[in-house]
Amino acid sequence: MNSKDNTYNPSLIEKKWQAIWEKNKIYSPDLNSGELPFYNLMMFPYPSAEGMHVGNMHAFTGADVYGRFKRMQGNDVFEPIGLDGFGIHSENYALKTGRHPVEQAKTSEMNFYRQLHSIGNSFDWTRTVETYKPEYYKWTQWLFIQLFKAGLAYRKKAPVNFCPSCKTVLSDEQVIDGCCERCNSVVEKRDLEQWFFKITKYADRLLSGLSKIDWVEKVKTAQRNWIGKSEGALIKFKIDDSPHGEAGLGFKNKEIEVFTTRPDTLFGATFLVISPELAQKWLSVGRKAPEKVKSYVQNSLKLADMDRSKEDREKTGVFTGIYAINPANQEKMPVWIADFIIGSYGTGAVFADAHDERDFEFAKKYKIPLKPTLKTGNRDLDEKIINLEMCFTGDGILFDSGEFSGLTSAEARKKIVAWLNEKAQAKQQVNYHLRDWLISRQRYWGPPIPMIYCEKCQWQPVPEKDLPVLLPYIKDYKPMGTGKSPLANHPEFYKTNCPKCNGAAKRETDVSDTFLDSAWYFLRYVSTDIDNTAFDAKRVKKWLPVNMYIGGVEHSVLHLLYSRFMTMVLSDLGLISFEEPFTKFRAHGLIIKDGAKMSKSKGNVVIPDEYIRKFGADTVRSYLMFAGPFEMGGDFRDTGIEGTHRFVKRIWRLVSSIKQQVLSMDKKGENSDLDRLMHKTIKAVTEDIEKLNYNTAIAHLMEYYNELSAFYTKYKILNAKYCKTLVLLFAPFAPHISEELYQLLNENKAGKFLSIHNSSWPQYDPRFLEASQFMVVVQVNGKLRGNIIVDKEILNNQVRIEELVRQNQRVMRYLEGKQIRKVIYVEGRVINFVVE
RNA sequence: GCCCAGGUGGCGGAAUGGUUUACGCGAUAGUCUCAAAAACUAUUGGUCGCAAGACCAUGUGGGUUCGAAUCCCACCCUGGGCACCA
């Protein structure tokens with residue numbers, strides 16, 4: 001650059017350096033020979049909306065700062081990017097714009113990649129992944145087949161979530177509060193035959209694996225809750241079929257099985273409650289039940305899950321007319337049907353007693369007798385429990401419970417189950433909230449599920465040599481809402497031959513869930529140049545699992561759970577040798593705009609482009625990182641960004657103006673205070689970046705700059721090493737200006753181009769950190785009353801320090817005439833005089 | 001209802017039990033300029049006071065401590081997750 005031109009022109013230098021970096025491939029590590037591999041991953045975007053907004057940029061920048069930091073610390077950092085462009089998000093956007101998804105994808109890709117270039121991340125642009133390209137989804141289909149062959153993909157007819165607006169089924173994880181994750185429509189139940197992945201088989205490993213990974217706690221908690229493990233027992237209740245012997249018909253073995261986590265309350269169980277779903281099965285056997293019972297069951301089944309599961313709703317139910325026998329005490333228990341019992345959890349039946357809020361409320365309403373069997377030891381409380389004035393749900397001491405009376409709940413749980421187990425009436429049981437992953441989508445924009453149905457041979461996978469099953473370009477791609485994909489209108493697509501018997505057969509016309517695309521993309525990144533395998537085993541071994549993963553918490557029980565499942569499956573299949581894909585996961589915060597959440601409906605979504613054009617990416621990056629703690633986010637304000645821009649410009653001015661005097665390597669312009677500050681700053685910035693406390697890292701850089709600038713203004717000289725350190729420490733945040741200034745500082749050095757981003761991260765020397773003098777705060781009765789300057793040599797000499805205090809008139813005013821009771825001295829920090 | 005995170009100036013936010021308000025924004029005054037912008041310099045928690053200074057301030061109320069934004073107890077508010085899961 002022209003050294004006489006001293007104005008900071010970000011758009012010029014940013015484009016220049018981006019081109020040089022890409023040409024020199026400084027961000028493209030050799031995947032075969034990297035010595036210190038560090039896989040720095042961020043969640044790839046859905047290129048569905050109008051473009052990247054500042055929230056995305058905040059996340060990507062924060063991840064990139066960490067990657068650049070690791071690179072300067074000597075790691076071979078691999079930081080790939082791609083587009084999660086298949087799926088409902090992109091297709092819904094295409095439907096909105098009225099452009100064909102294929103066309104829309106091309107535009108979105110161009111726009112997103114342009115934006116992603118402009119923010120100055122150290123992406124490896126030679127290895128992008130786009131989930132909608134056949135060279136990628138070929139392998140997504142291949143993975144489906146591997147799961148099918150392993151018995152982990154199966155078809156079943158079941159009541160599934162159906163979004164009437166997106167016109168497709170959804171997985172449980174994609175239903176938020178009964179509404180579609182994408183469009184917020186209320187989800188319906190439909191009985192459809194669909195493809196599922198057996199994620200429930202991995203429930204326990206998904207749970208226990210959490211303790212082995214360094215993830216932000218809230219995501220682990222969310223996954224634990226979602227998996228929802230409950231340990232308890234399965235207990236059999238015989239149906240009392242006297243006098244005619246037919247009451248138990250319709251129940252397997254004339255028994256009702258019940259799951260409970262509280263076998264300790266069994267002696268107090270006075271009735272059973274079964275779900276409408278279970279009751280329907282019972283009625284379908286043709287039993288003559290009262291009309292009242294039949295209509296209750298039918299009405300309940302019609303209600304949406306949402307309406308049924310509202311907690312404040314008053315409980316309803318109906319007596320079946322039949323009785324069961326309590327296996328603990330042989331008492332007769334009426335069997336009720338109630339819609340607060342969930343058909344799909346446990347066995348769809350419970351026993352009810354006085355120690356459960358819901359049972360208690362239900363029994364009171366229908367005047368069913370209750371019998372408490374737990375007390376607390378507190379007389380007042382116990383009186384209320386026994387008089388049924390309160391419902392006690394905690395652990396207590398058993399009474400009226402046969403030989404188990406007097407035991408604690410915890411002891412009784414084990415012993416009662418063991419006792420019943422001997423009589424074959426109970427066994428230990430673990431239940432999970434997690435359900436199998438529904439994979440089918442009745443949409444167009446996704447990878448066709450690679451399965452073929454033959455009347456004779458049933459479901460057959462597409463032979464691997466025939467992959468990919470290409471998604472055809474069709475005009476009528478809009479979802480139909482009939483429970484079938486638009487591809488079902490295209491015989492040229494679905495008509496085929498059975499791979500086994502070669503007879504006429506039909507392809508599956510549903511496509512797979514977007515979350516399957518993203519459940520394995522981190523494996524593909526290391527193999528984009530290899531087309532004969534999904535992922536190259538050697539490279540996977542070298543680079544995975546991912547060292548650092550950064551993304552949004554909204555994926556806690558979606559992408560982050562599915563990816564773990566897929567990794568465990570691949571590990572079991574012997575294709576990889578680890579179970580957890582992401583060693584470390586951190587969630588970025590949310591960027592809000594002037595105190596309000598950004599949303600399209602509010603019209604306050606900030607697109608970074610105009611700010612980058614005006615201030616440069618370095619400023620926008622620094623601003624976003626400075627706005628607040630990275631994991632909490634921050635508030636986007638135009639005035640704030642100008643403040644950060646001022647800081648960037650000041651650095652430019654200081655470093656480019658000292659350039660003339662830095663050509664020699666002598667000690668001119670050195671200063672011991674500046675030395676100490678420099679080492680302190682290196683230490684602070686290094687520790688802050690490691691903890692993702694980017695906002696305080698930048699604050700430290702500002703303080704450091706302020707001192708350098710003050711020194712330079714005063715003495716008109718400044719040693720180059722201070723500026724070099726400043727620029728190096730600023731490099732992860734503002735890569736372009738740092739590169740420009742770094743090259744400027746090294747201009748006289750011969751040799752080939754060494755980017756600042758491949759230079760070494762500064763090291764601090766602990767010897768410089770200690771000052772020769774310390775300020776000790778003086779307090780009287782804990783109140784600040786002054787301070788004294790103490791030489792390092794006498795820092796641990798309390799007597800000398802008290803002498804120094806006595807010389808301080810300001811402080812002595814507060815001590816005159818008072819009796820000192822105690823003096824507390826904290827070395828090098830504070831001395832507190834306690835007076836009467 | 002349960003779990004998690006949080007509540008500090010006009011604002012975003014700092015603070016291993018030890019100077020509350022680092023850093024930045026904004027505001028006020030000034031320098032430069034014909035002027036403005038930019039840039040630079042100074043001031044900037046509140047109340048009272050001419051001043052010296054005093055007192056009050058980290059959601060509320062208690063407690064522990066020589067000393068609490070920080071630890072403990074109770075409560076209030078905000079954001080997020082889970083939720084009739086037996």
Side-chain angles (χ1 to χ4, degrees), chain A residues 176-177 216-226 228-230 232-233 258-263 265 269 273 275 308-313 315 338-342 344-353 355-359 361-362 393 431-434 553-554 556-557 589-590 592 594-595 597 622-623 626-629 631-644 646-647 649-650 653 693 695-706 709 713 775-787 813 821-826 828-835:
Chain A
I176 316 285
D177 283 338
V216 59
E217 204 50 47
K218 61 182 161 183
V219 174
K220 290 202 209 180
T221 309
Q223 292 206 355
R224 278 189 199 108
N225 286 341
W226 187 257
K229 182 178 183 175
S230 319
V258 162
F259 174 72
T260 182
T261 55
R262 296 299 301 273
T265 63
V273 195
S275 61
R308 250 178 78 179
S309 65
K310 274 190 190 130
E311 202 174 343
D312 47 2
R313 189 170 157 257
K315 293 185 178 20
D339 65 7
F340 74 91
I341 303 301
I342 296 160
S344 52
Y345 184 76
T347 60
V350 303
F351 73 68
D353 58 72
H355 298 290
D356 181 284
E357 299 264 11
R358 297 152 301 183
D359 301 348
E361 182 196 329
F362 190 78
T393 59
N431 260 336
Y432 298 92
H433 167 240
L434 185 71
V553 273
E554 68 273 16
S556 295
V557 294
L590 212 62
I592 54 176
D594 298 325
K597 206 169 166 176
S622 305
Y623 172 63
F626 184 58
E631 292 176 86
M632 286 185 202
D635 195 1
F636 192 93
R637 276 166 209 264
D638 287 9
T639 51
I641 199 165
E642 276 164 31
T644 311
R646 229 169 282 164
F647 172 62
K649 282 191 292 187
R650 283 175 189 145
R653 217 173 307 126
N693 289 340
N695 56 331
T696 49
I698 291 176
H700 283 120
L701 288 175
M702 286 172 168
E703 282 179 82
Y704 178 54
Y705 162 83
N706 288 344
S709 168
T713 307
M775 191 184 76
V776 173
V777 169
V778 184
Q779 296 179 340
V780 177
N781 283 349
K783 280 196 174 151
L784 170 71
R785 294 305 183 192
N787 57 64
R813 274 213 310 263
R821 297 199 179 277
K822 204 193 231 181
V823 181
I824 288 151
Y825 174 56
V826 183
R829 286 193 160 269
V830 66
I831 182 158
N832 188 16
F833 292 84
V834 183
V835 300

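Chain letters run A, B, ... following the sequence lines, proteins first and then strands; every chain starts at 1. Only heavy atoms go into these numbers, but all of them, side chains included; no hydrogens, no water, no symmetry mates.
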* To do: Indicate, yes or no, whether a donor-acceptor pair under 3.5 Å links the base of G1(B) to the side chain of Glu357(A).
  => no
Enumerate all atom pairs, one protein N or O and one N or O from nucleotides 40-44 of chain B, separated by less than 3.5 Å.
| from | atom 1 | to | atom 2 | distance (Å) |
| --- | --- | --- | --- | --- |
| C40(B) | OP1 | Arg650(A) | NE | 2.7 |
| C40(B) | OP2 | Arg650(A) | NH2 | 3.3 |

* Asked: If you take atom types as modelled and just measure distance, does the side chain of Lys218(A) reach the base of C3(B) with a donor-acceptor pair under 3.5 Å?
  -> no
* To do: Look at all strands and tell whether Gln779(A) reaches a base, only sugar-phosphate, or nothing, counting heavy atoms closer than 4.0 Å.
  => base
* Given C84(B), G24(B), U19(B), which nucleotide is nearest the side-chain atoms of Met702(A)? -> G24(B)
* **A14(B) to G24(B) separation - C1' atoms, rounded to the nearest Å** => 11 Å
* To do: Give the nucleotide from the list U19(B), G81(B), C25(B) with an atom nearest to the side chain of Val777(A).
  => U19(B)
* Do Arg785(A) and U19(B) share a donor-acceptor pair, side chain to base, under 3.5 Å? -> no
* Which value, in whole Å, describes the distance between the C1' atoms of nucleotides U58(B) and G18(B)? -> 16 Å
* Look at all strands and tell whether Asn431(A) reaches a base, only sugar-phosphate, or nothing, counting heavy atoms closer than 4.0 Å. => nothing
* Contact state string [nucleotides 5-13 of chain B, B base, S sugar-phosphate only, - no protein heavy atom under 4.0 Å] -> ------SBS
* Structure fact -> G67(B) glycosidic conformation (syn if within 90° of 0, otherwise anti) is anti
* Euclidean distance for P, C23(B) against A42(B) (whole angstrom) -> 12 Å
* **Arg646(A): partners by salt bridge (charged side-chain N to carboxylate O under 4.0 Å, His left out), with sequence neighbours left out** => none
* To do: Would you indicate, yes or no, if A86(B) has its OP1 or OP2 atom less than 4.0 angstrom from a side-chain nitrogen or oxygen of His355(A)?
  => no
* Structure fact -> Applying side-chain contact (heavy atoms from CB on, under 4.5 Å) to Ser556(A) and not counting sequence neighbours gives Val219(A), Ala222(A), Val553(A)
* Asked: Within the distance-only criterion (no hydrogens, no angle test), does the side chain of Arg650(A) pair as donor or acceptor with the backbone N or O of Asn706(A) below 3.5 angstrom?
  -> no
* To do: Just jot down the side chain to side chain donor-acceptor pair (under 3.5 Å) partners of Asp356(A), sequence neighbours excluded, or say none.
  => Arg358(A)
* Within the structure, does a side-chain N or O atom of Asn693(A) lie under 4.0 Å from either OP1 or OP2 of A14(B)? -> no
* **Secondary-structure stems for RNA chain B, with pairs counted as Watson-Crick or G-U when both distances are under 3.5 Å and runs at least 3 long** => B:1-7 with B:76-82, B:10-12 with B:23-25, B:26-31 with B:39-44, B:45-48 with B:53-56, B:59-63 with B:71-75
* To do: Measure distances between side-chain N and O atoms of Asn832(A) and base N and O atoms of C66(B), and say whether any donor-acceptor pair falls under 3.5 Å.
  => yes
* Residues forming a ring pair (Phe, Tyr, Trp, His ring centres under 6.0 Å) with Tyr432(A), sequence neighbours excluded -> none
* Structure fact -> The side chain to side chain donor-acceptor pair (under 3.5 Å) partners of Tyr705(A) (sequence neighbours excluded) come to none
* **Value in whole Å for how far the P atom of G24(B) lies from NE2 of His700(A)** => 12 Å
* To do: Rounded to whole angstrom, note down the P distance from G49(B) over to U41(B).
  => 35 Å
* To do: For A5(B) versus C73(B), give the span between their P atoms, rounded off to a whole number of Å.
  => 14 Å
* To do: Pick the C1' atom in G9(B) and in G45(B), then give their distance to the nearest Å.
  => 5 Å
* **From G18(B), A83(B), U20(B), nucleotide with atom closest to Leu784(A) side chain** => U20(B)
* To do: Under the side chain to side chain donor-acceptor pair (under 3.5 Å) rule, collect the residues that match up with Ser709(A), sequence neighbours excluded.
  => none
* To do: Please identify each residue that fulfils side chain to side chain donor-acceptor pair (under 3.5 Å) with Thr696(A), with sequence neighbours left out.
  => Asp688(A)
* Run the ring-centre check on Phe362(A) versus Phe340(A) and record whether the distance is less than 6.0 Å. => yes
* Asked: Hey, does Val834(A) reach any base, or is it just sugar-phosphate, or nothing, if we go heavy atoms under 4.0 Å?
  -> sugar-phosphate
* Which value, in whole Å, describes the distance between the P atoms of nucleotides U28(B) and U78(B)? -> 34 Å
* To do: Output, in order, the C-alpha distance, side-chain angles, deciding distance and verdict of side chain to side chain donor-acceptor pair (under 3.5 Å) for Ser230(A) and Asn431(A).
  => CA-CA 5 Å; Ser230(A) 319; Asn431(A) 260 336; over 6 Å; no
* **Rounded distance in Å between the C1' positions of A86(B) and C4(B)** => 25 Å
* To do: Not counting sequence neighbours, which residues clear side-chain contact (heavy atoms from CB on, under 4.5 Å) with Met632(A)? List them please.
  => Pro629(A)
* **By side-chain contact (heavy atoms from CB on, under 4.5 Å) - contacts of Asn225(A) (at least two apart)** => Thr221(A)
